[in-house]
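Every value quoted in this text rests on a predicted model; they were computed, and no experiment measured them. When a ligand or atom number is given, it counts from 1 through the structure's own listing order.
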Amino acid sequence: MKIAEVTALQIFDSRGNPTIEARIKLENGIVGAGLVPSGASTGQFEAHELRDGDPSRLRGKSVFQAIKNVETEIADNIRGMNVSDQAGLDSVLIRLDGTPNKSRLGANAILAVSMAAARATANARAVPLFRSLGEGTLLPLPEIQLIGGGAHANWVIDVQDFMMVANGAESYEQALEMTFEVYHAAGEILEKRGQRFGLADEGGYWPAISSNQEAFEVCLQAIESAGLKPGKEVSLSLDIAASDLFDGERYHFRSEKKSFSREQFVQLMKGWCEDYPIISLEDPFADTDRESWRTLNREIGERVQLIGDDLFVTNPTRIQQGIDEALANAVLIKLNQIGTVTETLDAIRLTQKAGWRPVISARSGETEDAFIAHLAVATNAGQLKVGSFARSERMVKWNEVLRIARDLGSQATFNATAFRR
Ligand code: PGA
Ligand code: ZN
């Protein structure tokens, strides 16, 4: 299974911004492709997304240099390698780049090739990607956005994601059915209130409301009007994306025109988890505010899943520090935060070994690639966050899990009981 050709193409993501698709062709003619997503509320410690920065072309967002890097330097160094040696191939890419954050060749260039190699391997073995990536059979519990805010909806409300988790579901299919009911109920409720503005970047509603309080009300009403019990059958999950709210000393809610000291923000997060049926909280604090993370984890970490996204950026070194310091109990996993498939798998394993939970995640700028659906099942991660229940760059992931479930048949497992109260 030797690599014969490595090519790349500039394509466009779900926000219409340029991104990379890489293709690896093997000597036997079999091909695999990798499509790279892109974030908006990116963490400062993420691997580097290389863009051309030429204001006269595609607003500086073109990725022609990254594509050139794939087709010249990267191609020259991996041609002839065995594609199924993912770890060996990824270590060549990392060494070739030579920087700690993949800024020379671009993490987007490197990841596109790394994902293409994984796909080509699966295609050469004539198995679905999840079977070639790992041994897993666990279908993920979906975390699905109802309302979008923050950087994904021009700061109409300050919290980035109001999400639902169908923690009463007995199967993946049932979780999607419950989601369907609640998502459409939320749309109708916003419509009735005259507050349905449109859809945010990840397909959740872009509400014409300005307080987090109102967003909580809409979500709870939606669950009830779908005939489901909040907290028992469907619970709430938030991504605060608080790095975007922190100025180094205080947290700011722009839309509500309020600001909080770090201690006050810890109390606010704790209060929300007491007042509402919240089972998971992502990035409640900035990636530099380790003290608040530690405090909240000590106080509510037994009851509430606390996920580090910007805090850990899928980086095994940062995750290990977080485990040592007991900062959280879960890690958001995004391939393009770290830049290779191997390092992503390492991050997931490290998280699981510590007894923490990995949550496999999409980006706000997505593509039609369903790689992460396979990654979630292959690693028995147990949870998948893809944005909402609308728009095909999101649905392609939820639908791919349905196909995987069909493929696994009676081997498939699903377990939401850990999330029941
Ligand atoms: P991003 O948002 O892709 O814009 O970073 C997703 C998230 O914060 O989880
Ligand atoms: Zn996040």
Problem - salt_bridge(Asp158, Lys258) N-O dist < 4.0 Å - result: no
Exercise for the section: Please determine if Arg318 forms a cation-pi arrangement with Phe45, meaning its NZ or CZ atom is less than 6.0 Å from the six-membered ring centre and no more than 45° off the ring axis. Expected result: yes
Handout entry: Stacked cation flag Arg51 on Phe64, 6.0 angstrom / 45 deg
Key = no
Exercise for the section: Measure from the ring center of Phe197 to the ring center of Tyr205 and say whether it is less than 6.0 Å. Expected result: no
Problem - the Zn ion (ligand 2) contact by Asp161, N, O or S atom under 2.8 Å - result: no
Problem - Heteroatom of Asp239 nearest to the Zn ion (ligand 2) (N, O or S, atom name) - result: OD2
Practice task
Could you tell me whether Arg363 and Asp13 have a side-chain N and a carboxylate O separated by less than 4.0 Å?
Solution key: no
Exercise for the section: Could you tell me whether Asp247 and Arg250 make a salt bridge, using a distance below 4.0 angstrom between a side-chain N and a carboxylate O? Expected result: no
Completion exercise
Asp309 OD2 to Glu282 OE2 via the Zn ion (ligand 2), rounded to 10°, gives 90°
Problem - Near ligand 1, at a heavy-atom separation below 4.0 Å: residues by chain and residue number - result: Gly39, Ala40, Ser41, His152, Gln160, Glu202, Asp239, Glu282, Asp309, Leu332, Lys334, Arg363, Ser364, Lys385
Problem - Check: Val156 main-chain N/O paired with Ser255 side-chain donor or acceptor under 3.5 Å - result: yes
